[in-house]
Trainee: 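Next up is a structure, given as structure tokens.
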Protein chains: 2
Amino acid sequence: MPTIYEVSELAGVSLATVSRVMNGSAKVSEKSKKKVRDAMEELGYRPNSVAISLASKRSNCIGILVAELDGAFFGSMMTGIEKTLRQYQKHVVITAGHSNDADEREGVEFLKSRNCDALVIHAEQLSDEYLIELSKGDTPIVVMNRQIDAIAEKCVSLDNVKGGYIATRHVLEKGHRQLVNIAGPKFKNDAMERIVGFQQAVNEAGIDFDENRVFEGDYLQESGAAAIDHFVMSGIEFTGVVCGNDQMAIGAMARLREYKRLPSKDVAVIGFDDVSFAACTYPTLTTINYPIKLMGQQAAKLVLKDVYKIGVKDIRQIYEPTLMERNSVKRLRSK
Amino acid sequence: MPTIYEVSELAGVSLATVSRVMNGSAKVSEKSKKKVRDAMEELGYRPNSVAISLASKRSNCIGILVAELDGAFFGSMMTGIEKTLRQYQKHVVITAGHSNDADEREGVEFLKSRNCDALVIHAEQLSDEYLIELSKGDTPIVVMNRQIDAIAEKCVSLDNVKGGYIATRHVLEKGHRQLVNIAGPKFKNDAMERIVGFQQAVNEAGIDFDENRVFEGDYLQESGAAAIDHFVMSGIEFTGVVCGNDQMAIGAMARLREYKRLPSKDVAVIGFDDVSFAACTYPTLTTINYPIKLMGQQAAKLVLKDVYKIGVKDIRQIYEPTLMERNSVKRLRSK
DNA sequence: CTGTCAAATGAAAGCGCTTTCAAAATATCT
DNA sequence: AGATATTTTGAAAGCGCTTTCATTTGACAG
């Protein structure tokens with residue numbers, strides 16, 4: 001790998017001049033510019049971004065922290081961020097927090113130590129305090145899926161309580177009164193918030209909220225199935241299943257079918273997130289739209305604006321969940 | 001952010017000594033060690049990995065190039081790699097190639113310029129020659145999903161032709177003779193290979209391969225649906241649909257239902273990849289298992305062994321696709 | 001107490017680049 | 001032409017760390 005020094009040698013100019021033509025940071029005569037460009041060409045020169053980063057304290061990299069690298073939700077989020085940033089030659093460095101405090105902290109430290117210009121964080125375990133403290137450091141951050149008042153201007157979030165409420169109310173409005181809730185892991189903020197929304201809607205309908213009707217899953221398909229097993233085994237009756245996310249919803253639908261209780265026909269199932277396969281399930285999944293890709297783009301725009309002073313517009317930070325009505329929730333038929 | 005210099009000041013030792021206790025690269029007296037540790041603690045010192053990387057020419061980072069950041073397939077692959085590496089305190093830097101030559105090259109250059117210790121590449125447009133050339137450079141690489149003889153020891157792949165063949169033969173064995181193929185983008189190697197497998201199986205069954213029975217999709221759900229529209233509109237009759245991947249398969253099943261042609265009952269549908277939701281579709285999807293997560297782990301082990309000289313075992317590089325029989329392919333019922 | 005050898009340490013160069021500051025080259029004006 | 005303002009340039013310091021090499025320290029034998 002040739003270095004800037006070799007380029008300067010070959011071009012017969014100083015290091016500084018080469019650096020200047022690379023960055024366009026100052027005027028360089030056309031003549032020198034050409035000599036430098038030719039030399040670069042000839043040597044197949046590639047700047048070493050680590051060195052650039054060390055010297056300039058800027059990396060053109062944005063760090064992303066997600067819980068997992070797989071999963072439709074995070075995939076959309078990462079893509080939203082990456083594609084937006086890519087348009088401005090910014091790169092992303094992604095790390096996984098695995099939903100535990102240690103990994104999340106380490107992930108953040110890693111990203112910071114790699115000189116990321118900014119961090120987009122989807123943390124599930126880090127405390128508000130930690131994040132507030134972090135935001136005071138010299139690496140700007142954007143917090144996803146969480147509304148922290150002290151740093152509201154750095155948050156891009158969706159009202160999960162409202163989402164849970166809308167989902168539940170929709171099922172209630174279709175005449176279902178015996179509901180169960182397949183929730184996400186309770187240690188996750190969004191999961192808890194959705195449960196709160198569920199509770200609100202249920203109470204509003206004059207139904208007593210019953211802890212036993214909430215099953216704590218892990219946002220994966222299997223736990224949706226496990227939840228159904230649990231409710232059936234426990235003899236808890238239900239005609240409506242409100243799920244914490246789409247994956248658990250399809251797991252639940254699959255298992256319901258095994259019990260000969262047909263989704264939609266015998267029992268209403270509603271999801272959350274509206275991931276891409278929700279439109280292709282059978283029955284197609286009624287769910288709550290979570291515009292995560294769009295929100296990822298917004299997060300990216302936020303750093304573009306704040307960190308790189310690039311004029312982007314239409315930045316919105318708080319999003320509203322909306323009902324995506326498909327076929328998995330139908331009016332309760334009297335028996 | 002405190003630097004190593006400040007630590008050395010506070011500890012009353014030299015830079016070199018601090019560096020040594022950080023890396024355990026040489027003997028340091030217990031006394032100095034303690035002084036250094038205390039100083040680090042007191043200052044909340046975090047080594048700057050960019051500087052480390054520049055000075056040591058090692059980053060403890062492995063670069064990954066995937067086509068997209070979303071999608072179940074890439075998600076599994078990234079997770080397989082990341083989790084394995086994480087156990088040895090190695091980090092991943094991920095970049096997307098968006099299935100076009102320019103972005104893929106730029107992605108590779110970016111990863112190299114970031115001093116990645118190795119690259120795991122899932123390229124769709126880069127030529128074999130480019131990869132062979134790349135492998136001669138000073139950054140070791142692992143190539144996923146592609147068998148290149150010249151660098152076989154750096155490839156982790158699956159026999160896609162065989163997969164396409166097995167899938168097709170399974171449908172044929174169930175009595176279906178009117179088949180259509182919903183393929184992935186033809187510019188992608190794996191898509192083409194799966195088509196070849198399809199063709200082999202079809203020919204073997206004494207059926208003429210008909211170009212018109214192959215629809216070129218894009219591996220996304222919508223194109224599975226579009227393919228069904230296409231075949232129906234064109235008046236092409238079929239009772240079996242062999243798909244290039246699971247996503248197109250569920251898109252196809254959803255659309256078939258709209259035409260009142262029930263998947264499994266009226267028409268057999270088989271997928272490819274065996275992504276996690278395949279077990280939760282209705283009917284559950286018969287498909288070809290592509291152990292991508294496992295293969296990601298293998299790729300990780302390969303770099304662990306080759307680059308970091310860490311003794312890992314059970315490294316396999318060539319994988320066999322296997323049939324996952326579920327409910328979407330049933331014996332053809334005579335009309 | 002001196003001499004020897006191994007262990008521990010520090011000074012300094014270097015990784016590849018940016019950036020400041022002053023000097024050199026060129027342009028502009030009387 | 002000379003004086004002055006402007007544009008281009010290069011030398012050199014520095015970013016935070018690693019690593020080599022020489023020096024110092026300490027342990028131990030004689």
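Only heavy atoms go into these numbers, but all of them, side chains included; no hydrogens, no water, no symmetry mates. Reminder, nothing fancy here: chain letters follow the sequence lines and each chain counts from 1.
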Trainee: Does the side chain of A:Asn48 get closer than 4.0 angstrom to OP1 or OP2 of C:dC15 through an N or O atom?
Mentor: no
Trainee: Looking only at N and O atoms, is any donor in the side chain of B:Arg46 or the base of D:dG16 less than 3.5 Å from an acceptor on the other one?
Mentor: no
Trainee: Once you round it to whole Å, what is the distance between P of D:dG16 and CE of B:Met40?
Mentor: 15 Å
Trainee: Think A:Tyr45 has a side-chain N or O under 4.0 angstrom from the OP1 or OP2 of C:dC17?
Mentor: yes
Trainee: Please determine if a side-chain N or O atom of A:Lys57 lies less than 4.0 Å away from the OP1 or OP2 oxygen of D:dG16.
Mentor: yes
Trainee: Any side-chain N or O of B:Ser14 less than 4.0 Å from the OP1 or OP2 oxygen of C:dG10?
Mentor: yes
Trainee: Return the value, rounded to whole Å, for the distance between atom CG of B:Leu15 and atom C1' of D:dT18.
Mentor: 10 Å
Trainee: Report the distance from atom NZ of B:Lys27 to atom P of C:dG10, rounded to the nearest whole Å.
Mentor: 17 Å
Trainee: Where does the angle between the aromatic ring planes of A:His91 and B:Phe110 fall among parallel (under 30°), tilted (30 to 60°) and perpendicular (over 60°)?
Mentor: parallel
Trainee: When you match B:Ala51 and B:Ser29 each to their closest nucleotide on DNA chain C, which lands nearer the 5' end?
Mentor: B:Ser29
Trainee: Kindly compute the distance separating CD (B:Gln317) from CE (B:Met144), expressed to the nearest 0.5 Å.
Mentor: 10.5 Å
Trainee: For residues A:Val92 and B:Val93, report the shortest heavy-atom separation together with the two atoms involved.
Mentor: O-CG1, 4.4 Å
Trainee: For C:dT9 and B:Ser32 - does any side-chain N or O of the residue sit under 4.0 Å from the phosphate oxygens OP1/OP2?
Mentor: yes
Trainee: Closest to the B:Arg20 side chain: D:dT18, C:dG10, D:dG16?
Mentor: C:dG10
Trainee: Quickly work out the A:Met1 CE to C:dC17 C1' distance and round it to whole Å.
Mentor: 15 Å
Trainee: Taking the nucleotide of DNA chain C with the nearest heavy atom to each, does B:Thr17 or A:Thr17 sit closer to the 5' end?
Mentor: B:Thr17
Trainee: Any side-chain N or O of A:Ser19 under 4.0 Å from OP1/OP2 of C:dT18?
Mentor: yes
Trainee: Within 45 degrees of the axis of the six-membered ring of B:Tyr308 and under 6.0 Å from its centre: does B:Lys90 put its NZ or CZ there?
Mentor: yes
Trainee: Just how far, in rounded Å, is C1' of C:dC17 from CG of A:Asn115?
Mentor: 13 Å
Trainee: At 4.0 Å (heavy atoms only), tell me whether A:Val13 reaches a base, stays on the sugar-phosphate, or touches nothing.
Mentor: sugar-phosphate
Trainee: Rounding to an integer number of Å, can you tell me how far B:Lys31 NZ sits from D:dT25 C1'?
Mentor: 10 Å
Trainee: Quick check: A:Phe73 with A:Tyr290 (ring centres under 6.0 Å apart)?
Mentor: yes
Trainee: Between A:Lys33 (NZ) and D:dT8 (C1'), how many Å, whole number?
Mentor: 12 Å
Trainee: Atom CG of B:Leu54 and atom C1' of C:dC15: how far apart are they, to the nearest Å?
Mentor: 4 Å
